[in-house]
Protein chains: 2
Amino acid sequence: MIIKYSPESLGKAGRCLRVLAHPARLLIIHLLGQGERSVQELEKEVGISQSSISQHLNLLKDKDILESRRAAQQVFYRLKNPRLLELTTLTRELFCKE
Amino acid sequence: MIIKYSPESLGKAGRCLRVLAHPARLLIIHLLGQGERSVQELEKEVGISQSSISQHLNLLKDKDILESRRAAQQVFYRLKNPRLLELTTLTRELFCKE
DNA sequence: TCTGTGTATTTATATATCTATATATAATGA
DNA sequence: TCATTATATATAGATATATAAATACACAGA
């Protein structure tokens with residue numbers, strides 16, 4: 001393990017985890033784990049307003065968790081690193097047992 | 001994978017992750033990964049006030065992440081589930097690369 | 001260029017979290 | 001019981017986050 005517990009890395013890890021620590025964003029990541037989705041599709045599947053979805057997506061993109069491509073009017077989002085699913089899976093294993 | 005992405009489990013996972021998503025608490029978990037510590041020891045190693053340490057420990061205990069035992073005046077805390085370290089390690093691997 | 005559709009941003013308000021300070025409780029030993 | 005040490009809780013002000021509504025922007029087709 002090269003990565004130290006420096007104040008910087010603790011801060012960065014904390015900020016990234018905090019962005020993940022939201023039900024809607026966890027669901028977005030789960031869905032994107034199955035393949036890319038347009039904002040529209042996410043809006044329907046997550047069940048919150050377009051504006052909220054867009055704001056959540058923006059937070060995740062800011063943290064380099066998602067990336068996107070535009071196809072005509074639509075924008076498709078996908079996980080930047082599929083290993084992120086390991087983290088959400090582990091989270092459920094540890095905290096959602098029953 | 002038995003665990004579903006129900007609103008309840010998403011909410012619970014989100015709340016637990018959020019408690020982890022703080023630099024001081026990540027450091028506490030890292031330290032407790034090496035073995036139990038008294039509040040006093042954590043106070044010194046983390047470098048924040050006794051009151052703050054106690055409040056962080058309480059949040060973690062509320063989420064069933066830590067457990068404690070009292071020995072005379074001191075209270076020692078430890079990780080309830082050592083697998084939690086897998087989560088913090090993965091977090092650093094994913095988010096603290098550089 | 002105008003219109004419609006899809007997405008992003010801005011703004012305001014409500015709510016939650018952080019931190020420090022002060023105070024309270026618990027256990028020990030004199 | 002009193003004083004001391006260790007830990008926990010309460011409170012308040014500052015800061016951060018969440019959410020909805022309104023608006024702005026981007027693209028495609030007529």
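Remember, predicted model here, so these are calculated numbers, not experimental data. Each chain gets a letter, A, B and so on, in the order the sequences are listed, and its residues count up from 1.
Side-chain N or O atoms of B:R37 include none that pairs as donor or acceptor with a backbone N or O of B:V39 at under 3.5 Å.
A straight line from CG of B:L42 to C1' of D:dT7 spans 12 Å, rounded to a whole angstrom. Rounded to a whole Å, the CD atom of B:Q74 is 12 Å from the P atom of C:dG29. Counting to the nearest Å, the P atom of D:dT19 and the CG atom of A:N58 are 15 Å from each other. Going from atom CD of B:Q50 over to atom P of C:dA24 covers 15 Å, rounded to whole Å.
Here A:R18 reaches the OP1 or OP2 of C:dC18: one of its side-chain N or O atoms lies under 4.0 Å away. At the phosphate of C:dT7, neither OP1 nor OP2 sits under 4.0 Å from any side-chain N or O atom of A:R69. The side chain of B:R70 contributes no N or O atom lying less than 4.0 Å from OP1 or OP2 of D:dT7. Here A:Q40 reaches the OP1 or OP2 of C:dG6: one of its side-chain N or O atoms lies under 4.0 Å away. The phosphate of C:dA20 (OP1 or OP2) has a side-chain N or O of B:S52 nearer than 4.0 angstrom. Taking 4.0 angstrom as the limit, B:Y77 places a side-chain polar atom (N or O) nearer than this to OP1 or OP2 of D:dA8. The phosphate of C:dA20 (OP1 or OP2) has no side-chain N or O of B:H56 nearer than 4.0 angstrom.
Within the 4.0 angstrom heavy-atom criterion, no nucleotide atom of any strand lies near B:R15.
Side-chain contact of A:S51 with A:Q55: a donor-acceptor pair under 3.5 Å is present, judged by distance alone.
The two residues B:I48 and B:A24 come nearest to each other via the heavy atoms CD1-CB, 4.1 Å.
Side-chain to base pairing of B:S51 with D:dT9: one donor and one acceptor N or O lie within less than 3.5 Å of each other.
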